[in-house]
Amino acid sequence: MADKITPRAQDYPQWYLDIVKQAGLADNSDVRGCMVIKPTGFALWENMQRALDRLFKATGHVNAYFPLFIPISYLAKEEEMAEGFAKECAVVTHHRLKAEKGKGLYVDPEAKLEEPLVVRPTSETIIWRTYKDWIQSYRDLPILVNQWANVVRWEMRTRLFLRTAEFLWQEGHTAHATQAEAEEETLRMVRIYQQFAEEFMAMPVLVGPKTEGQKFPGAIYTLCIEALMQDGKALQAGTSHFLGQNFAKAFDVTFQNDKGQREYAWATSWGASTRLIGGLIMTHSDDNGLVVPPRLAHTHVAICPLGKTDEERSASLAAAEKLAAELRGLPRCEFFGYEPLTVKVDQAFDKSPGFRYAEYELRGVPVRVEIGPKDLEKSACAVARRDRPGKDGKAFGVPLAGAAQHIDQLLRDIQASLFNRAKEFRESTTRTARTYDEFKEMIELPGFIWAHWDGTRATEDRIQEETKATIRCLPYDGPSEPGTCMISGQPSARPVVFARAY
RNA sequence: CGGGGUGUAGCUCAGCCUGGCUAGAGCGCGUGGUUUGGGACCACGAAGUCGCAGGUUCGAAUCCUGUCACCCCGACCA
């Protein structure tokens with residue numbers, strides 16, 4: 001028997017770690033705060049990348065790549081950003097080692113860099129330095145570039161996927177001729193993140209601006225998507241920033257408009273990272289293991305042929321291969337990214353059936369099919385859906401004729417049911433606080449809290465200090481009636497959403 | 001940076017207080033056999049500089065000093 005997964009109810013953080021490790025997604029590495037993303041985990045990321053990349057391209061973006069190293073003087077140019085990231089930057093100061101017998105390998109003091117290079121914590125500065133060379137005229141705009149990259153933020157405390165010192169992400173950096181166009185882009189991209197989260201990850205999100213205190217350093221404002229994890233804590237899952245002309249001014253990026261006047265370009269940036277994998281886990285998985293929504297699954301269907309004798313096994317195996325071929329041969333469609341379904345025929349006859357079932361549950365394969373002698377007598381198979389773990393989700397007697405179509409539909413049903421379940425959980429744990437006392441009681445419960453806030457930093461800070469809750473965002477969709485701040489009694493245009501967060 | 005803890009086989013840990021023969025267990029791994037419709041079992045086997053350095057001692061995983069690393073709590077955290 002494999003190591004047990006700690007039940008969620010007993011110790012949620014330990015459950016999360018157990019899932020990550022036992023489903024084979026990632027491991028801690030020898031380098032503090034950095035992780036090894038294993039093939040199974042990386043496959044999830046690749047599927048996320050593929051889906052997001054399609055959405056970006058469909059909205060006119062192209063990919064490019066900028067350097068890992070940023071001269072320290074670039075980072076210094078935008079004051080807010082310099083201040084915001086100063087405490088978490090890795091810095092390269094030398095370009096050579098020396099190997100000497102007896103002394104081993106050491107940094108060559110002769111090889112000190114003229115100017116230290118910062119390992120990018122984010123790429124606005126190096127990219128805007130580059131855009132200075134790309135932009136002369138309004139005809140050069142907009143620039144709609146995205147890059148897939150790794151970044152380093154030297155965090156004090158890390159957690160696999162949710163916060164690691166090095167992480168993988170995409171960062172979009174766009175330049176526009178007008179403020180209105182840049183603001184449209186900012187909104188467009190946060191809505192793309194929402195679409196991705198909800199349609200692919202089956203993870204419902206709130207969408208809206210961050211408060212002044214929570215925005216990205218260097219931004220005019222930050223829009224975000226906020227998801228709710230099963231333990232009732234919020235997770236910021238993607239951000240889109242309107243940067244105004246801050247970076248254009250810092251790097252002197254101007255263009256001539258159609259009237260021949262010089263203007264500074266308008267900027268946006270937006271990013272989502274491997275943190276999404278953490279969000280995916282904490283939205284759907286259960287005490288039996290990982291649960292992956294079919295649209296992001298690396299293996300859609302696992303077929304387990306059964307049998308005690310060679311004759312039984314070869315008959316089951318033949319039926320399994322036939323079904324696998326039918327599944328792979330289903331018409332390609334948008335829902336699965338125009339790729340064929342991935343089907344694994346499991347031939348581990350030396351393992352007990354129970355072990356094989358548990359293994360696919362642990363790894364989050366959305367649909368498992370069992371074909372044994374008893375099924376073949378009836379030309380049928382057993383089909384188990386991962387969103388309902390154990391025997392509850394298993395249906396016997398599914399006719400082999402038409403099984404492929406049945407499973408295709410089942411995968412779509414699972415995708416929808418995961419989203420609905422997550423949304424119901426969010427709705428059932430979302431509360432409205434009318435007074436601060438009420439709020440303090442509610443914050444001890446899982447979930448989001450709507451409450452009125454006077455819009456000041458002081459009130460926001462006080463609430464955080466006293467309750468550890470932060471304003472997650474000022475959602476676009478939701479109640480909008482005015483009221484009064486639960487603390488100061490000052491007028492509030494509309495309620496905002498609080499939660500404790502990752 | 002403050003507080004606490006842990007370093008012994010791939011993993012989880014026992015042994016340390018009270019020094020002593022060849023350093024142990026479970027899981028995992030390898031080989032062979034019996035099993036197989038919800039995490040099978042038997043037999044045999046491989047595998048450890050006891051984090052590192054120094055000291056005390058006839059003798060150190062065990063005692064002392066130093067050091068490094070990691071984990072947890074806090075502070076910090078697009």
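No experiment lies behind these values; they were computed from the predicted model shown. Just so we're on the same page: letters track the sequence lines, and every chain starts at 1.
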Listed nucleotide nearest any side-chain atom of A:Glu359, set B:C76, B:G37, B:G39: B:G39

With distance as the sole criterion, do the side chain of A:Arg356 and the base of B:G37 form a donor-acceptor contact below 3.5 Å? no

Minimum-distance pair of heavy atoms, taken over all atoms of A:Gly24 and A:Thr40: O-CB, 3.5 Å

Can you pull out the residues from residues 370-378 of chain A that lie within a 4.0 Å heavy-atom distance of RNA chain B? A:Glu370, A:Gly372, A:Pro373, A:Lys374, A:Asp375

Using a 4.0 Å cut-off on heavy atoms, which residues in residues 64-79 of chain A reach RNA chain B? List them by number, or say none. none

For A:Phe349, is the NZ or CZ atom of A:Arg356 found under 6.0 angstrom from the centre of its six-membered ring and inside 45 degrees of the ring axis? yes

For a 4.5 angstrom cut-off between non-hydrogen side-chain atoms, does A:Pro209 reach A:Tyr476? yes

Find out whether A:Tyr74 and A:Trp128 are in side-chain contact, i.e. whether some heavy atom of one side chain is under 4.5 Å from a heavy atom of the other. no

Cation-pi check, A:Lys215 onto A:Tyr221 ring (under 6.0 Å, within 45° of axis): no

Decide whether A:Tyr16 and A:Asp231 meet the rule of one side-chain donor and one side-chain acceptor closer than 3.5 Å. no

Distance flag, aromatic centroids of A:Phe167 and A:Trp45, threshold under 6.0 Å: no

Under-3.5 Å donor-acceptor pair between A:Lys351 side chain and B:G39 base: no

Distance check, P atoms only: B:C11 and B:C17, in whole angstrom units. 26 Å

Spacing of the P atoms in B:U65 and B:C29 (rounded, Å): 43 Å

Does B:A40 have its OP1 or OP2 closer than 4.0 Å to a side-chain nitrogen or oxygen of A:Ser352? yes

Using a heavy-atom cut-off of under 4.0 Å over every strand shown, decide if A:Gln214 touches base, sugar-phosphate, or nothing. nothing

Please assess A:Ile37 against A:Ile277 for the test side chain to side chain contact (heavy atoms under 4.5 Å, CB included), listing each intermediate value before the final yes or no. CA-CA 11 Å; A:Ile37 306 176; A:Ile277 295 174; 5.6 Å; no

Under 4.0 Å, counting only non-hydrogen atoms across every strand here, what does A:Lys210 touch: a base, just sugar-phosphate, or nothing? nothing

Is it true that, when you exclude A:Glu79 itself, more than 12 heavy atoms of the residues, nucleotides or ligands shown sit nearer than 6.0 Å to its CD? no

Touch class at under 4.0 angstrom, heavy-atom based, for A:Arg368 against every strand present: base

Close side-chain approach of A:His241 and A:Thr186, heavy atoms under 4.5 Å: no

Looking only at atom C1', what distance separates B:A69 and B:C50, rounded to whole Å? 16 Å

Pair pattern of RNA chain B in dot-bracket, where unpaired bases get dots and | marks partners in another strand, Watson-Crick or G-U under 3.5 angstrom: (((((((..((((......[...)))).((((((.....)))))).....(((((..]....))))))))))))....

Position toward the 5' end of RNA chain B (nearest nucleotide), A:Thr158 or A:Trp169: A:Thr158

When the ring planes of A:Phe196 and A:Phe200 are compared, do they come out parallel, tilted or perpendicular, using 30° and 60° as the limits? parallel

Rounded to the Å, how far apart are A:Asp27 CG and B:C11 C1'? 11 Å

Closest to the side chain of A:Glu155, out of B:U36, B:C77, B:G74, is B:C77

The nucleotide from B:A40, B:G38, B:C1 with an atom nearest the side chain of A:Met156 is B:C1

Is any side-chain heavy atom of A:Trp266 closer than 4.5 Å to a side-chain heavy atom of A:Glu183? no

Measuring only the C1' atom in each nucleotide, how far is B:U8 from B:G26? A whole number of Å is fine. 15 Å

Could you give the CG-to-P distance, from A:Asp350 to B:G33, as a whole number of Å? 13 Å

Checking all strands, does A:Tyr502 fall into the base, sugar-phosphate, or nothing category for heavy-atom contacts under 4.0 angstrom? nothing

When the C1' atoms of B:G10 and B:C68 are considered, how many whole Å apart are they? 23 Å

To the nearest Å, how far apart are A:Glu88 CD and B:C1 C1'? 16 Å

Between CZ of A:Arg275 and C1' of B:C77 the distance, given in whole Å, is 9 Å

Counting side-chain heavy atoms from CB outward, which of B:C76, B:G38, B:G37 is closest to A:Pro353? B:G37

Do A:Thr239 and A:Phe216 have side chains that approach each other closer than 4.5 Å (heavy atoms only, starting at C-beta)? no

Separation of B:C11 P from A:Asp18 CG (nearest whole Å): 16 Å

Taking any heavy-atom pair under 4.0 Å as a contact, classify A:Ser273: base, sugar-phosphate, or nothing. base

Is the terminal nitrogen or CZ of A:Arg368 (NZ for Lys, CZ for Arg) located under 6.0 angstrom from the six-membered ring centre of A:Tyr357 and within 45° of that ring's axis? yes

Between P of B:C77 and CD of A:Glu465, the distance in whole Å: 13 Å

With a non-hydrogen cut-off below 4.0 angstrom, is A:Gly390 in contact with a base, only sugar-phosphate, or nothing? base

